[in-house]
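Just so it is clear, the model here is predicted, and its values are computed rather than measured. Whatever order the structure lists ligands and atoms in, that order sets their numbers, starting from 1.
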Amino acid sequence: MKLWEGRFAAPTAADADKFNESLSFDKKLYKADITASLAHSEMLGRCNIISEEDKTAIQEGLKSVLSDIESGKLEIAGQEDIHSFVENELVSRIGDAGKRLHTARSRNDQVATDFRLYARASAAEILRLLKELISTLVGLSEKNVRHIMPGYTHLRKAQPINCAQYFNAYGEMFLRDAQRFSDTYKRIDVMPLGSGALAGTSYPIDREITRTLLGFSAMSQNSLDAVSDRDFAAEYLFDCSLVMAHLSRLCEDTILYTSTEFGFWEMPDAYSTGSSIMPQKKNPDICELVRGKTGRVYGHLTALLTTIKGVPLAYNKDLQEDKEGFFDAEKTIKDCLSIYSEMLKAITLNVKRMEEAAAEDFTCATDVADYLAKRGVPFRTAHGVVGKIVRYCLEKDKTLNTLTLEEYKAHSEVFTEDILSVVSARASADARNSVGGSSTAAAKAGIKSLKARLRKLPSYEL
Ligand code: ARG
C-alpha cells in the first residue's frame, strides 16, 4: 500500500512505480529509520500527542520489525521506499496504533534524519580506518628511519631523503583527511527531525527530546533548509575524493617502486596477481584498482553537486539521487583503505638498492653548490660552477664522489679536502635538518609530531 494513495483514482503505472522507487537502495537505511521512529514515537508519547498505549505498541512493533529484518525473517521488498516499508509493516502488525506514528512528521524530515544517522556512523568508521592507515605508515617510518632513498621531482632523482620522511609525507596527507572527516562529522551531527514536510509542525512537539534520544549534538534551525540540505553528503564525498587522491598517489609510487626498474620495494605475493599468458608476471593489480576506483568517487561528488545545484526550496525528489553515489563511495573508500593498510604492512623494502639509487645521478649536486655558497660564493654563481662540474663528470664518465680534489679545484679555488665528505647521499640527507626536512633527526621529529596529532583525533562512538 502506498502512503499517499488516497488522493488518486487510478493506480500508478508499473513503470512509474519502478522508476520512482528507492527501496532497492535505501533499504540500507532500515536501522536508522527504525531508530529515528523509536525516538519520534517516544517524543510523541511524552508530549501527549499519542497515548501511552499507542506509543508502547508502536515501539514493540518497531522492535519486532527490526529483529525480523536482522534475523533474515523479513525481506525488505515490495514498497516505494524504506519509510513506507517500515510503516506498512508496522501497521500490518499492530493496526491503527501504527497509523499514528507519522503524526507531526513527513518523509522529508524523516529521510534527512535517517541519512544523517547513517552518514554519521559511516564518517566515524572511515575516521577509524584512516587512523589505522596512518599508524601503519608511522610504523614504516619508525622501522626505516635509518635508511635513505632518492627523493624525486619531475620523476627524476633530485636529492637524497630519509625513508621515514617519505612515509611521513603520506602520514601527513591522511592525517589531514582524518581531520577533515572529523570536522565533517560535526556538520553531519545536526538533527532535522521536527521540520515536517518543509514548514515545521503545529503539534506541540519537543525536538530536544528526539535530539537527545538520537544523540545529535545540535538541531537544525530552519525547517526549509533542514529538509533540503545535502551539504553534509557533498562534504563527505569531497572528503572521500581527497582520500582517494592521496591513495591513488601512493598507488602510483607503489607501482613504480615495486617495478624492476626501481626495485625499491617488494610487493608481497599475497597482494599480487599474475598473467594468463606471461608466466613470469607479478602484477600490482590491487594498486591499479585503487587508483582506478578514484574516478568513480570523484564522479559521485560531481553528480551530487550537480544534483543539488538546481533544487528549488525546499524538498524535491531530485534529492533521492543523493544515496546511491554515497553508498558506492562509502564502500569504495572503506575497501580501499582496508586493503591498502594490510598490503603496506606486508611490503618489504630493499634498503641496499634504495641507498645505492640515492647516490646516483648527481643527487648531491645541490650540496656542492651549497658548499660553495656557505663559503662566500653567491648561490647563483655556485649553481653555475656545479652545473659545469656535472657536465665534466658526464664527459669523463665520473661521479661527484669519484672526482679528485684537483678536479674540484680546477672548477673553483674555494674547494678544499672536506668537499669529499659532502658528496655522500647519507650526508646530503642528514644535512637538511630544517623542520620537516630529510635529516634523521628531522624525520624522527616528524614521526613524533604525527603521533601526537594522531592521538588528538577524536574517536566517535559507533
Ligand atoms: N525516497 C525519498 C528520498 O529518498 C524519501 C522522501 C520522499 N518524500 C517525498 N516527498 N516524496 O528522498
task = For Ile188 and Arg120, work out which heavy atoms get closest and say how close.
result = CG2-N, 3.7 Å

For [atom], find the nearest protein heavy atom and state the residue, atom name and distance (0.1 Å precision).
| atom | answer |
| --- | --- |
| atom 7 (C) of ligand 1 | Tyr315 OH, 3.6 Å |
| atom 2 (C) of ligand 1 | Gln320 OE1, 3.2 Å |
| atom 11 (N) of ligand 1 | Arg107 NH2, 3.7 Å |

inquiry  = Side chains of Tyr166 and Ser141 only: does a donor on one sit below 3.5 Å from an acceptor on the other?
reply    = no

ask   = Side chains of Thr363 and Gln159: donor-acceptor distance under 3.5 Å anywhere?
value = no

inquiry  = Just to verify, which of Lys317, Lys27, Arg107, Lys323 counts as forming a salt bridge (charged side-chain N to carboxylate O under 4.0 Å, His left out) with Asp81?
reply    = Arg107

inquiry  = Residue-level breakdown please: for Asp322 versus ligand 1, do any non-hydrogen atoms fall below 4.0 Å on the side chain, on the backbone, on both, or on neither?
reply    = neither

request  = Identify whether the distance between the nearest side-chain nitrogen and carboxylate oxygen of Arg426 and Glu355 falls below 4.0 Å.
outcome  = yes

remark   = Under 4.0 Å from one or more heavy atoms of Lys323, ligand 1 contributes atoms 3 (C), 4 (O), 12 (O)

note = Note: ligand 1 atoms sitting under 4.0 Å from heavy atoms of His83 are 5 (C)

inquiry  = Using the rule ring pair (Phe, Tyr, Trp, His ring centres under 6.0 Å), only one of Phe327, Tyr185, Phe181 pairs with Tyr236; which is it?
reply    = Phe181

query = Below 3.5 angstrom, do we get any N/O pair linking Asn108 and ligand 1?
reply = yes

